[in-house]
2 protein chains.
Amino acid sequence: MASIYDEMNEKTKENIQKSFLQLLKEKPFVKVSVRDITTIAAINRGTFYLHYEDKYDLLHQMEDTLLRGLEVHLQRLKPDVLLLEAEKGNISRFSVEVFRYIQENVELFQVLLGEHNQFGFHKRLKHFFGNHFIEKIVQNQHFFQDLTIPKDYLSSFAISAFLGLVEQWLDNSLAESPEEMADMYIQIIFFIRKM
Amino acid sequence: MASIYDEMNEKTKENIQKSFLQLLKEKPFVKVSVRDITTIAAINRGTFYLHYEDKYDLLHQMEDTLLRGLEVHLQRLKPDVLLLEAEKGNISRFSVEVFRYIQENVELFQVLLGEHNQFGFHKRLKHFFGNHFIEKIVQNQHFFQDLTIPKDYLSSFAISAFLGLVEQWLDNSLAESPEEMADMYIQIIFFIRKM
DNA sequence: ATACCACTCAACACCATGTTGGGTGGTAAA
DNA sequence: TTTACCACCCAACATGGTGTTGAGTGGTAT
């Protein structure tokens with residue numbers, strides 16, 4: 001079914017996304033116009049609207065792709081192991097996979113979570129992790145049962161803490177390896193325990 | 001020095017900000033035009049530009065005021081106690097004051113950190129806490145010295161975790177009291193320790 | 001040969017923006 | 001009381017991005 005038209009279509013979309021990303025590195029989202037994008041992509045402005053409703057749609061689709069990729073990435077490499085390990089309290093494997101995926105998509109993550117973060121991707125990421133992992137962990141863990149703190153607060157606390165690490169990593173231009181980051185994550189937890 | 005002109009000026013600015021906030025509750029920032037604001041404020045559109053450069057300037061000034069208020073609020077109520085207590089590891093007083101201030105300015109915080117968070121206020125808040133408190137604590141605490149984790153990561157982790165609690169609180173329409181929130185914060189730390 | 005496809009091009013109406021020049025009524029100082 | 005000043009109003013303007021449309025081009029499949 002992959003006709004030559006589908007290929008053209010795909011190529012143009014990639015061209016648009018690449019140009020868009022390039023612009024987002026230079027200036028904030030609000031300052032990027034469809035004109036800018038199509039000028040850099042060297043295509044007609046009307047062509048843009050054949051693929052996307054507007055620049056918000058473009059951004060949203062790129063976010064979707066990124067999150068879907070993360071989901072697939074996690075499910076493919078370790079089908080159920082991750083969740084099982086996570087439920088046992090072992091977050092190491094889980095987190096290293098996340099850090100790896102981020103490393104593979106640095107540019108986009110840096111732009112979406114970076115200084116000009118003027119689109120609520122932070123919130124989307126929070127919801128993603130919340131729906132996919134943390135809440136399951138928080139709900140299933142037997143030793144969470146006797147905790148008086150509401151689950152939603154604990155969940156939001158944990159995810160944000162993790163995202164805090166990720167954001168700092170991105171700010172540091174990925175100076176550490178994914179393994180080092182996963183290690184750091186564990187160490188912080190241990191550190192708090194011994195406090 | 002508070003002439004009648006200053007009062008008029010101030011009143012109009014408050015009017016603009018109030019109308020702006022009202023609109024932000026209805027729709028995302030990008031969809032709010034200067035026309036919308038001045039229509040609701042029942043003033044001439046040109047008048048808006050006598051007070052603000054554009055809607056981004058307006059937003060930024062409101063953020064500034066909010067952060068300056070938080071700073072003053074913290075400094076006024078307990079001049080140095082907060083930092084001293086915090087440096088001793090007692091974050092209770094510190095955090096309850098923060099929760100109280102947020103409660104006093106729910107509407108704005110909810111809009112700035114809420115679902116339509118399309119302006120990097122999350123990042124600004126992170127920097128604020130980072131510069132004012134956490135980094136001082138992290139740097140001064142003697143028992144942080146033998147920790148191998150880089151300070152910036154620990155700082156980002158801690159602040160984000162705290163903001164995670166705050167954001168969940170806002171999402172829950174401030175169902176808990178500031179004291180309960182501060183308590184919850186402490187409990188989570190203790191819980192991690194016992195994990 | 002015909003229909004289809006992605007894309008180009010030019011033109012369009014629409015709307016928000018930021019600015020300007022002139023005007024109003026109330027305030028303060030001469 | 002006159003004069004200058006002030007915040008604000010009003011109308012008009014050029015600018016520029018937006019989304020859409022109709023006509024046209026050159027390859028592709030049938």
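Quantities reported herein were computed from a predicted structural model and do not represent experimental measurements. The sequence lines fix the lettering, A, B, ..., with proteins before strands; numbering per chain opens at 1.
Within the structure, salt bridge (charged side-chain N to carboxylate O under 4.0 Å, His left out) pairs that include any residue of residues 47-60 of chain A do not occur (at least two apart or interchain).
Within the 3.5 Å criterion, the main-chain N or O of B:G69 finds no donor-acceptor partner in the side chain of B:H73.
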Protein-nucleic acid N or O pairs under 3.5 Å, nucleotides 1-5 of chain D:
none

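Remark: B:R100 pairs with B:E97, B:E179 by the side-chain hydrogen bond (donor to acceptor under 3.5 Å, both in side chains) rule, at least two apart or across chains. Every residue two or more places apart in sequence or in another chain that forms a side-chain hydrogen bond (donor to acceptor under 3.5 Å, both in side chains) with B:N9 is listed here: B:H51. Remark: A:D171 pairs with no residue by the side-chain hydrogen bond (donor to acceptor under 3.5 Å, both in side chains) rule, at least two apart or across chains.
For A:I43 and C:dA10, the CD1 to P distance is 16 Å, given to the nearest whole Å. Atom CD of B:E10 and atom C1' of D:dC6 are 16 Å apart (whole Å).
By the 4.5 Å heavy-atom criterion applied to side chains, A:K31 and A:P28 are counted as neighbours. Counting heavy atoms from C-beta on, the side chains of B:S160 and B:L163 never come closer than 4.5 Å. Considering only heavy atoms from C-beta on, A:Y185 stays 4.5 Å or farther from A:V96 through its side chain.
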### Query
What one-letter contact string describes nucleotides 11-19 of chain D from 5' to 3', where B marks a base within less than 4.0 Å of any protein heavy atom, S marks contact via sugar-phosphate atoms alone, and - marks no contact?
-B----BBB
